[in-house]
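Below is one structure; the comments refer to it alone.
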Amino acid sequence: MKTAAFKLLILGGTGDGARLAGALASVPRVEAISSLAGRVATPKLPQGRTRIGGFGGVDGLTDYLRAERIDGVIDATHPYAAAISHNAALACERAFVPLLALLRSAWMPEPGDRWHDAANVPSAAGIAALLGRRIFVTVGRQELAPFAAHALPWYLIRAIEPPTALLPPHLELLLERGPFHLDDELHLMRSRAIDVVVSKNSGGDATYAKITAARALGLPVVMVQRPPRPSVPAVGTIEAALHWVEERSR
Ligand code: NAP
């Protein structure tokens, strides 16, 4: 184990969080602890020290920061993981710990894209059911219940692990973890005769192929808008996050 001068908590659960932990493993005088929510039974564990499970709200996270003598926090959670990001902002303020958000830029529509913005997943489920009969749903397994309220369409649901929510009656479930590639996405959508795609605006490359495929096939995409995030300093790349750590660990 490294003798650390700077103890960093990475709030993770994303590819970027894991890549940041990997990059920091070889940085002297920095000890990074990656925190995962524990949503999936077989998580891809980042390099270095990890902890798994919720902290117990703002109070629990504040206590953790103090007890572990954390010198800095990087919030590398998914853009739709709004609760933990708000908790981190409050806890870091209370414990006087600097906080940086590492957040991928949102995808922007390009010529040929047919996006329909939805404020949230229930709204997306309603819009998709109006637009199509064979719906490809890629919003993660935690927010599938709203689709059960629209029982007529047939759904192709892709998630990393089996959903536990109430599901619509006509569906095929695909258990897969990205990254996904364009040829495979085109084949998948053609072979299932998909006529509408539902997506979160995750940003990054790992899951963008479905958006390119929908564009190529002329399909509408119902895009769930990102939830509001706390106003904290933010960067969009791992390099910038590393720079932030290096500045503070000298
Ligand atoms: P959320 O709604 O923001 O968080 C709910 C609660 O889960 C938090 O209050 C916290 O519990 C716990 N939690 C969340 N992230 C945590 C972390 N990294 N370490 C420790 N506890 C954490 O988050 P979510 O949408 O359920 O997402 C959970 C995790 O999955 C996140 O790490 C996120 O990066 C990842 N993820 C989410 C999505 C998505 O679409 N939401 C997609 C891909 C990956 P306590 O209050 O008890 O501390």
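Counting convention: from 1, in listed order, for ligands and their atoms alike. This chain uses plain numbering: 1 for the first residue, then up along the sequence.
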field: Lys NZ or Arg CZ of Arg250 over Phe6 ring: under 6.0 Å, within 45°
entry: no
- prompt: Any idea which of His86, Gln142, His78, Arg51 brings a heavy atom closest to atom 42 (C) of ligand 1?
  reply: His78
task: Answer with yes or no whether Gly53 contacts ligand 1, where contact means a heavy atom under 4.0 Å from a ligand atom.
output: yes
- request: Looking only at protein heavy atoms, identify the closest one to atom 48 (O) of ligand 1 and say how far it is in Å.
  value: Phe55 N, 2.7 Å
message: Can you confirm whether Asp205 is buried at CG, in the sense that more than 12 heavy atoms of other residues, nucleotides or ligands lie under 6.0 Å from that atom?
response: no
message: Cation-pi check for Phe55 against Arg51: NZ or CZ below 6.0 Å from the six-membered ring centre and within 45 degrees of the axis, yes or no?
response: yes
message: Does any part of the side chain of Val198, heavy atoms only, come nearer than 4.5 Å to the side chain of Val139, both counted from C-beta?
response: yes
- prompt: Which residue owns the protein heavy atom closest to atom 13 (N) of ligand 1, what's the atom, and how far is it?
  reply: Ala37 CB, 3.6 Å
query: Heavy-atom count around His170 NE2 within 6.0 Å, excluding the residue itself: above 12?
result: yes
- request: Provide, to 0.1 Å, the distance between atom 31 (C) of ligand 1 and the closest protein heavy atom, together with that atom's residue and name.
  value: Gly12 O, 3.8 Å
- request: With heavy atoms only and a cut-off of under 4.0 Å, state how Ala82 meets ligand 1: side chain, backbone, both or neither.
  value: backbone
- line: Under 4.0 Å from one or more heavy atoms of Thr14, ligand 1 contributes atoms 34 (O)
field: N-O pairing of Asp71 and Arg248 below 4.0 Å
entry: no
task: Give me the one residue out of Arg158, Lys200, Lys210, Glu185 that meets side chain to side chain donor-acceptor pair (under 3.5 Å) with Thr138.
output: Lys210
task: Specify the protein heavy atom at minimum distance from atom 23 (O) of ligand 1: its residue, its atom name, and the distance to 0.1 Å.
output: Ala81 CB, 3.4 Å
query: Does the distance from a Lys or Arg side-chain N to an Asp or Glu carboxylate O, for Arg134 and Glu172, drop under 4.0 Å?
result: no
Atom indices of ligand 1, in the order listed, that fall short of 4.0 Å to a heavy atom of Gly54: 11 (O), 21 (N), 45 (P), 47 (O), 48 (O)
- prompt: Can you tell me which residue and heavy atom of the protein come closest to atom 7 (O) of ligand 1, and the distance to 0.1 Å?
  reply: Arg39 NH2, 2.7 Å
Atom 19 (N) of ligand 1: nearest protein contact (heavy atom, Å): Ser35 OG, 2.7 Å
field: Atoms in ligand 1 with a heavy atom of Thr77 nearer than 4.0 Å
entry: 18 (N), 32 (O), 34 (O)
field: Atom indices of ligand 1, in the order listed, that fall short of 4.0 Å to a heavy atom of Asn87
entry: 9 (O), 46 (O)
field: Identity and separation of the nearest protein heavy atom to atom 44 (C) of ligand 1
entry: Gly13 O, 3.5 Å
Atom indices of ligand 1 within 4.0 angstrom of Gly57 heavy atoms, with elements: 45 (P), 46 (O), 47 (O), 48 (O)
task: Using a strict cut-off of 4.0 Å, indicate which atoms of ligand 1 neighbour a heavy atom of Lys200.
output: 39 (C), 40 (O), 41 (N)
Glu161 bridged to Arg39 by N-O distance under 4.0 Å: no
message: My understanding is that only one of Asp75, Ile74, Ile33 makes a side-chain contact (heavy atoms from CB on, under 4.5 Å) with Leu11; could you say which?
response: Asp75
statement: Distance col, row Met189:CE vs Leu186:CG, nearest 0.5 angstrom, shows 7.0 Å
task: Could you see which bit of Arg141 sits under 4.0 Å from ligand 1, with heavy atoms only: side chain, backbone, both or neither?
output: neither
- prompt: Is Gly56 near ligand 1, meaning one of its heavy atoms is under 4.0 Å from it?
  reply: yes
task: Decide, yes or no, whether a salt bridge links Glu246 with Arg29 under the criterion of side-chain N to carboxylate O below 4.0 Å.
output: no
task: Record the part of Glu143 in heavy-atom contact with ligand 1 below 4.0 Å; permitted values are side chain, backbone, both and neither.
output: neither
task: Considering only non-hydrogen protein atoms, determine which one is nearest to atom 1 (P) of ligand 1 and report residue, atom name and distance to 0.1 Å.
output: Ala83 CB, 3.8 Å
